[in-house]
2 protein chains.
Amino acid sequence: MSTQRRQAPTIHDVAQAAGVSSMTASRVVNGYPHVRQAVRDKVEEAIKTLGYRPNSLARATRTGVSLIGMLYSNASSSNLSNYLMGAFRQASQSGCQLLIEPSQAHPTPAQAVQKLVDAGVGSVILPPPLCDDAAILESLEKAGVGAVSFATAFPREGAPAVFIDDFAGARMMTRHLIDLGHVDIAFVRGDPAHSTAQRREQGFRETMAQAGLTVNDAYVADGGFSYRGGLEAARHLLNLRRRPSAIFAANDDMAAAVSAVAHGLGLSIPADLSIAGFDDTSVATTVWPELTTIRQPIADMAASAVKLAMDLARPGGEPGVHVQGELQLIERASTAAPPR
Amino acid sequence: MSTQRRQAPTIHDVAQAAGVSSMTASRVVNGYPHVRQAVRDKVEEAIKTLGYRPNSLARATRTGVSLIGMLYSNASSSNLSNYLMGAFRQASQSGCQLLIEPSQAHPTPAQAVQKLVDAGVGSVILPPPLCDDAAILESLEKAGVGAVSFATAFPREGAPAVFIDDFAGARMMTRHLIDLGHVDIAFVRGDPAHSTAQRREQGFRETMAQAGLTVNDAYVADGGFSYRGGLEAARHLLNLRRRPSAIFAANDDMAAAVSAVAHGLGLSIPADLSIAGFDDTSVATTVWPELTTIRQPIADMAASAVKLAMDLARPGGEPGVHVQGELQLIERASTAAPPR
DNA sequence: TCTTGTTATGATATCGTTACCAATATCAGG
DNA sequence: CCTGATATTGGTAACGATATCATAACAAGA
């Protein structure tokens, strides 16, 4: 029964064990040059033996802390936890503090941004639709606070941004449905205020066109990215005289709504109707059958955003970096070949 | 266009501005006694003038950092973001690092716990069902790592825990339905492996009994806390010869499933059927109509858990503290008086 | 007046880390 | 063998905050 709380080893312990100065050990830990391979090996062995883990807080005090502001809108709330996970993991690694502010807790998004600025953040991370809001970007520039755009479909040249290729994602999914043999494919649009909604629709339309398929106007319904909007869109689409054999919704919430309506009409999924979503949020695996969807690496993207934000806050930071997340088509049980 | 990055003021700046030593300033900041009111005022004014904000990272280096392990199971994934938000907010305030580990990423929960221990955490936060697992608790004790139980329905005496009164919550909701005039009230049970599921069922049953209402066995269905399980439970309940006029599901996911099935059967909510959930997760406001449910202050509870975990990791920490979250009945559009 | 005790303040050391600079080792070219 | 450049190391001083101890001030009791 060892109640002994073992003290975490410090870099000095490592240095002593390896028989070098703590400075040299620090250099090894941080991968700096000008350390002989032999010494490097010794230090690395000591690190492994002692189980040393750098204390990122102490490191941050020396390197200079940054306070980074992060907004979130609970619109994409299913993705929120991944967003937070990735951001905080990176923040803890880089030793910066994150100040999180729900944008919908303020009358206007501008006020949420102002609150962060007043708190003294060095830079902020803006999710959609704020990252496409010219007024907000301008007020930030005036305050001398840099902004990293997160998940915008139109990253600005010369400004740091983390995003995915919504167009390509929509293409992948449309392609998938076409390859399964579908011809009558309907689309549920997102909120046009979000740049991503536009790109996803373009991706759908162009892929259909390239495959020589026409997109009937009645086959494109507005869902506003919400479950409720998805319900109405689904009611419209599934009551058409010529019912589509597949419905591609611009996000998972709407796809889930389509699924609910389809069940209500006694349709069997995917035998009677294929349903595809986008985002791979938790609802994609909550509903039954689980949704075929496009996964974005939200956590990694959030981590990248924090990294960019830190660079931005640093005096010598190099702005204008773009990071693109890799998309992946996740095939689950909600899509199949159309009924004969 | 001031590109000048203002340096954040330190406690020394404050001290100088107030004409005292940094130690005295620190005492004021931390609310320690033994500072004259006049001096306290002077320092506080300096803090306000300079806009000083304590650097919690630097503070933590001196006070002793703790690395706190946090497990999560994506079972309650809708609550995950709130859980993370609260925990991270507190961690950043207290200057501790959080190491988060998804328990389902490991073959057994015990291995997830072991990974945290190996990483050198000072204590861990255990959500259900891990917090009720005797084997895990024992192995932690052997390793000398304290555990804070999160959201268990049976907090152990003498062990730190953060929880809600599931029993009382279920009572509140059952009472609400009875007060609306419902008599034929059905219940969708959660996963019996979770202690909270049992307590919620007890709360339902006892309140019914106290109101002189009988609970028909056919009116209690198993839903396993999942959407899918909720679907089956709802199909069973809504196809009974004598259909209940209200269904109380032990969590929101299952309530959402009930809602979906009810829509499918052409029932109007709440005119034909009242539906109640528990947890107030994001699905409660995603489905239509929005769910009447019981809100738990998950974020605050997570923050408390982090605080307890830090106390636990500190040598002189006082264990055995219990923190209970306040419940609140959120009345939305899914409940109303029963049809005549 | 002289303890004695309590309250109020400051000086200094320290946390774990890295920045900065000085010191030494090594090597190429003459 | 020397010269200067470059690679490799260590010493020291920070970073921002607090713990600890010492000191100063003041009041109450002997």
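All chains are named by letter (A, B, ...) in the order of the sequence lines, taking the proteins before the strands, and each is independently numbered beginning at 1.
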In terms of heavy-atom contacts, does CD of A:Gln111 have more than 12 from other residues, nucleotides or ligands at under 6.0 Å?
-> yes

Are side-chain heavy atoms of A:Phe88 and B:Ile100 found at a separation under 4.5 Å?
-> no

Within residues 14-23 of chain A, find the residues that approach DNA chain D with a heavy atom at under 4.0 Å, and present them sorted by residue number.
-> A:Val20, A:Ser21, A:Met23

Relative to the ring of A:His322, is the ring of A:Phe163 parallel (under 30°), tilted (30 to 60°) or perpendicular (over 60°)?
-> perpendicular

Just do the side chain to side chain contact (heavy atoms under 4.5 Å, CB included) check on A:Val124 and A:Met70 with the steps written out, would you?
-> CA-CA 6 Å; A:Val124 296; A:Met70 211 165 82; over 6 Å; no

Can you sort out the partners of B:Arg27 under side chain to side chain donor-acceptor pair (under 3.5 Å), two or more places apart, ordered by chain and number?
-> none

Quick one: does B:Ile68's side chain get under 4.5 Å of B:Leu312's, heavy atoms only?
-> no

Compare side-chain N and O positions of B:Ser26 against OP1 and OP2 of D:dA17 and report whether any pair is under 4.0 Å apart.
-> no

In whole angstrom, what separates B:Ile11's CD1 from D:dC15's P?
-> 14 Å

If you round to the nearest 0.5 Å, how far is CG of A:Leu98 from CD1 of A:Ile125?
-> 6.0 Å

Taking atom C1' of C:dG16 as reference, at what distance in whole Å does atom CZ of B:Arg59 sit?
-> 18 Å

Taking only the side-chain nitrogens and oxygens of B:Thr24, find out if one of them lies under 4.0 Å from OP1 or OP2 of C:dT9.
-> no

Hey, does A:Pro109 have a side-chain heavy atom less than 4.5 Å from the side chain of A:Asp133?
-> no

Residue-level proximity of residues 27-46 of chain A to DNA chain C when a heavy atom falls under 4.0 Å | A:Asn30, A:Tyr32

